[in-house]
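Notes follow once the structure below has been shown.
Every number for a ligand or one of its atoms is a count from 1 in the order of the listing.
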Amino acid sequence: MITLGEYIIKNQAEYPSASGELSSLLSSIRRAAKVVNREINRAGLVTDIIGGSAGSENIQGEAQQKLDVFANDVFKAALEARGEVCGIASEEEDYFVGFADERQSNAKYIVLMDPLDGSSNIDVNVSVGTIFSIYRRVSQPGEPVSMEDFLQPGVNQVAAGYVVYGSSTMLVYTTGNGVHGFTYDSTLGSFCLSHENIRIPEMGNIYSINEGNYIRFPEGVKQYLKFCQEKDDASNRPYTSRYIGSLVSDFHRNMLKGGIYIYPSGTNSPNGKLRLLYECNPLAFMAEQAGGKATDGFRRIMEIKPTELHQRTPYFIGSSKMVDKACALMTEFSAE
Ligand SMILES: O=P(O)(O)OC[C@H]1O[C@](O)(COP(=O)(O)O)[C@@H](O)[C@@H]1O
Ligand SMILES: [Mg+2]
Ligand SMILES: [Mg+2]
C-alpha cells in the first residue's frame with residue numbers, strides 16, 4: 001500500500017528539475033484535509049466549530065456554515081505555514097489574501113479553493129467536499145500578489161484536486177499527469193493509493209441536475225433532459241437521475257461510473273450558480289486529464305479568461321460523448 005506522501009515524492013523523482021515546492025504544497029493540503037475530516041465526522045454535534053450556521057454571510061450573500069469558516073481557516077493556515085504559497089483566494093474570503101511574510105512573498109504558487117463544497121448537506125449527513133486549484137504566480141517573487149495572479153485561465157493550472165468526505169474520505173488530484181485517488185485509512189492515519197489513473201468512461205447513463213429549476217432552464221437543456229428520459233434500449237436510455245447537491249460528490253461518482261453533471265444558466269441566474277475559479281476550473285482540469293470534458297454549454301471552461309474572483313459560469317461536465325450531446329443541443333436551440 002503506497003501512501004499519498006510516498007506517491008508525491010515518487011512522482012517528483014520523475015521530474016529532475018522539480019524543486020519539491022509543489023510536493024510540499026500538496027502535503028499541506030493533505031494535512032489540512034485530515035483536520036477537516038475529523039470535524040466532518042462529528043457533524044451533527046453542535047460545538048463552536050461544527051453544527052449549523054456561523055451567523056455570517058460570504059461576499060456572495062450566502063449564509064456561512066460553521067464548517068465553511070472552520071475549513072477555510074484550516075486550509076488557509078496550512079497553506080500559509082510552509083512557504084510555497086504567496087497568496088490564496090477562497091469562496092469564503094471576499095478578496096484574495098496575500099501572505100506578507102518574506103518567505104511567502106517570494107513563494108511561487110497561488111491557491112484558489114472552495115474549502116467546503118456542498119454546504120447545504122453538512123448537517124444532514126450527506127457527503128461534502130473541498131476543491132483546490134494551484135497556479136504559478138504571474139507577478140515576480142517579492143512583489144505584492146495581485147488580482148492578475150488569480151484571474152488566470154484554467155489552462156494555466158499546474159495542479160488541481162478535491163477531497164470528498166463521504167462513506168470514505170478520498171483525496172483525488174492531478175498535476176497534469178493523470179488523475180489519482182487516495183482513500184483515507186484512519187487506522188494508519190494516511191491517505192492510501194486506491195484509484196490510480198482514473199479514466200472517465202466516454203459514455204455513461206447517469207445525469208445530475210437540479211430539476212427543481214426546470215422551468216428556468218435554457219431550451220437546449222430541456223431538450224437534453226428529454227433525450228435522457230426517452231426510452232431507447234440501443235443507447236441504454238432512459239438514463240438514471242442522481243443528484244446529491246454536492247458538486248464534488250456528484251462529479252466524483254460520475255467520474256468513476258460515467259455520467260454528466262449540469263448546472264445551467266437560468267432565467268433568474270444568467271451565469272448559473274457555480275464559481276469558475278475554485279469550483280469549475282479545477283474539476284474541468286481533472287475531467288480532461290481523465291478523458292472527459294467540461295464546457296459552459298458552448299466553450300471549453302478552461303479557456304475562459306476570468307474577469308472577477310467570484311464569477312459564476314454555466315457548467316456541463318463529465319463523460320465526453322454526453323457533454324458533446326448536451327452542447328450540440330445547446331447550440332441547436334440557442335437561437336430559439
Ligand atoms: O441546491 P442547488 O441549487 O442545486 O445547488 C447545489 C450546488 O451548489 C453547491 O452546493 C455550491 O457549492 P458550495 O456549497 O460550496 O457553496 C454545489 O456543491 C452543488 O452542486
Ligand atoms: Mg462549492
Ligand atoms: Mg463552499
Side-chain angles (χ1 to χ4, degrees), residues 29 32-33 36 39-40 43 50 52-54 56-76 88-94 111-133 160-166 172 206-217 221 225 241-255 259-284 286-287 294 296 301 309-318:
I29 291 174
V36 172
E39 294 310 323
I40 286 177
I50 52 175
S53 168
S56 51
E57 274 190 4
N58 63 23
I59 192 167
Q60 297 146 73
E62 292 165 344
Q64 292 177 310
Q65 302 299 303
K66 286 181 191 167
L67 260 170
D68 282 321
V69 176
F70 175 73
N72 187 57
D73 293 343
V74 169
F75 279 97
K76 192 165 70 175
I88 62 114
S90 162
E91 178 189 0
E92 306 309 336
E93 300 278 348
D94 296 0
V111 177
L112 299 111
M113 62 181 180
D114 177 355
L116 208 289
D117 177 62
S119 308
S120 63
N121 282 327
I122 296 171
D123 293 339
V124 289
N125 212 345
V126 172
S127 78
V128 292
T130 292
I131 312 174
F132 60 90
S133 171
Y162 58 81
V163 186
V164 54
Y165 312 95
V172 186
I206 293 171
Y207 66 96
S208 312
I209 189 167
N210 183 343
E211 291 189 65
N213 300 328
Y214 182 85
I215 54 167
R216 291 184 286 273
F217 287 161
V221 172
L225 287 179
S241 171
R242 289 280 184 277
Y243 192 70
I244 296 168
S246 296
L247 167 64
V248 164
S249 313
D250 281 310
F251 173 74
H252 183 71
R253 181 207 46 246
N254 292 353
M255 183 159 72
I260 185 170
Y261 170 99
I262 303 175
Y263 206 107
S265 60
T267 45
N268 59 341
S269 56
N271 292 315
K273 175 179 184 177
L274 300 176
R275 282 55 58 117
L276 174 63
L277 290 177
Y278 44 78
E279 290 175 317
C280 301
N281 268 334
L283 299 187
M286 300 180 77
D296 64 357
I301 285 286
L309 211 48
H310 301 286
Q311 77 183 74
R312 302 173 193 263
T313 178
Y315 203 40
F316 296 70
I317 186 166

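The backbone and the side chain of Asp117 each have at least one atom closer than 4.0 Å to an atom of ligand 1 (non-hydrogen atoms only). Looking at Arg275 against ligand 1, only its side chain comes within 4.0 Å, counting heavy atoms. In Tyr315, neither the side chain nor the backbone holds a heavy atom less than 4.0 Å from any atom of ligand 1. Residue contacts with ligand 1, taken as heavy atom pairs separated by less than 4.0 Å, involve Ser119 via backbone and side-chain atoms alike.
Of all non-hydrogen atoms in Thr130 and Pro115, the two that sit nearest each other are OG1-O, 2.6 Å. In this structure, Tyr278 and Leu309 approach most closely via the heavy-atom pair CE2-O, 3.8 Å.
For the pair Met286/Tyr162, a side-chain contact is recorded, criterion being any heavy-atom separation below 4.5 Å from C-beta on. The side-chain heavy atoms of Ser90 and Lys76, taken from C-beta on, include no pair separated by under 4.5 Å. With a 4.5 Å cut-off on side-chain heavy atoms, Phe251 and Val172 do not count as touching.
Glu93 and Asn72 are linked by a side-chain donor-acceptor pair at a separation below 3.5 angstrom, with hydrogens and angles left out of the test. Looking at Gln64 and Glu92, their side chains do bring a donor and an acceptor atom within 3.5 Å of each other.
Distances from atom 3 (O) of ligand 1 to the heavy atoms of Tyr278, Phe251, Tyr261, Tyr263 show the closest one on Tyr263.
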Show me the side-chain donor-acceptor pairs of residues 119-129 shorter than 3.5 Å, one per line, residues at least two apart or across chains.
unit_1: Ser119; atom_1: OG; unit_2: Asp68; atom_2: OD1; d: 2.8
unit_1: Ser119; atom_1: OG; unit_2: Asp68; atom_2: OD2; d: 3.3
unit_1: Ser119; atom_1: OG; unit_2: Leu116; atom_2: O; d: 3.3
unit_1: Asn121; atom_1: ND2; unit_2: Ile244; atom_2: O; d: 3.1
unit_1: Asn121; atom_1: ND2; unit_2: Ser246; atom_2: OG; d: 2.9
unit_1: Asp123; atom_1: OD2; unit_2: Gly52; atom_2: N; d: 2.9
unit_1: Ser127; atom_1: OG; unit_2: Ser249; atom_2: OG; d: 2.6

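Heavy-atom contacts of Ser246 reach the following atoms of ligand 1: 18 (O), 20 (O) (cutoff under 4.0 Å). Every atom of ligand 1 with a heavy atom of Leu116 under 4.0 Å away is listed here by number and element: 15 (O). Residue-ligand proximity, Leu247 to ligand 1, at heavy-atom distances under 4.0 Å covers atoms 17 (C), 18 (O), 19 (C), 20 (O). Near Asn210, meaning under 4.0 Å from any of its heavy atoms, are these atoms of ligand 1: 2 (P), 3 (O), 4 (O). Set against the non-hydrogen atoms of Asp114, the atoms of ligand 1 under 4.0 Å away are 15 (O). Less than 4.0 angstrom separates some heavy atom of Glu279 from each of these atoms of ligand 1: 11 (C), 12 (O), 13 (P), 15 (O).
Interatomic distance, CD1 of Ile209 versus CG of Leu225, reported as 5.0 Å (0.5 Å rounding). To the nearest 0.5 Å, the span separating CZ on Arg312 from OG on Ser265 amounts to 13.5 Å.
Shortest contact from atom 1 (O) of ligand 1 to any protein heavy atom: Lys273 NZ, 3.9 Å. Closest to atom 4 (O) of ligand 1, if we only count protein heavy atoms, is Tyr243 OH, 2.6 Å. Of the protein's non-hydrogen atoms, Gly245 O, 3.3 Å is the one closest to atom 19 (C) of ligand 1.
A donor-acceptor pair under 3.5 Å is formed between the side chain of Ser208 and the backbone N or O of Arg242.
In terms of polar-atom proximity, defined here as any N/O pair under 3.5 Å, Asn213 makes no such contact with ligand 1. On a distance-only criterion, Asp250 and ligand 1 share no N/O pair closer than 3.5 Å.
Taking the six-membered ring for Trp and thresholds of 30 and 60 degrees, Tyr261 and Tyr243 have nearly parallel ring planes, at less than 30 degrees apart.
At least one heavy atom of Gly118 sits closer than 4.0 Å to an atom of ligand 1.
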With side chain to side chain contact (heavy atoms under 4.5 Å, CB included) as the test, would you mind laying out the steps for Leu67 and Glu39 before giving the verdict?
CA-CA 8 Å; Leu67 260 170; Glu39 294 310 323; 4.2 Å; yes
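Inspection of the environment of the Mg ion (ligand 3) yields the following protein N, O or S atoms under 2.8 Å: Glu91 OE1, Asp114 OD1, Leu116 O.
A side-chain contact (heavy atoms from CB on, under 4.5 Å) with Ile131 holds for exactly one of Asn281, Val163, Leu283, Leu112; it is Leu283.
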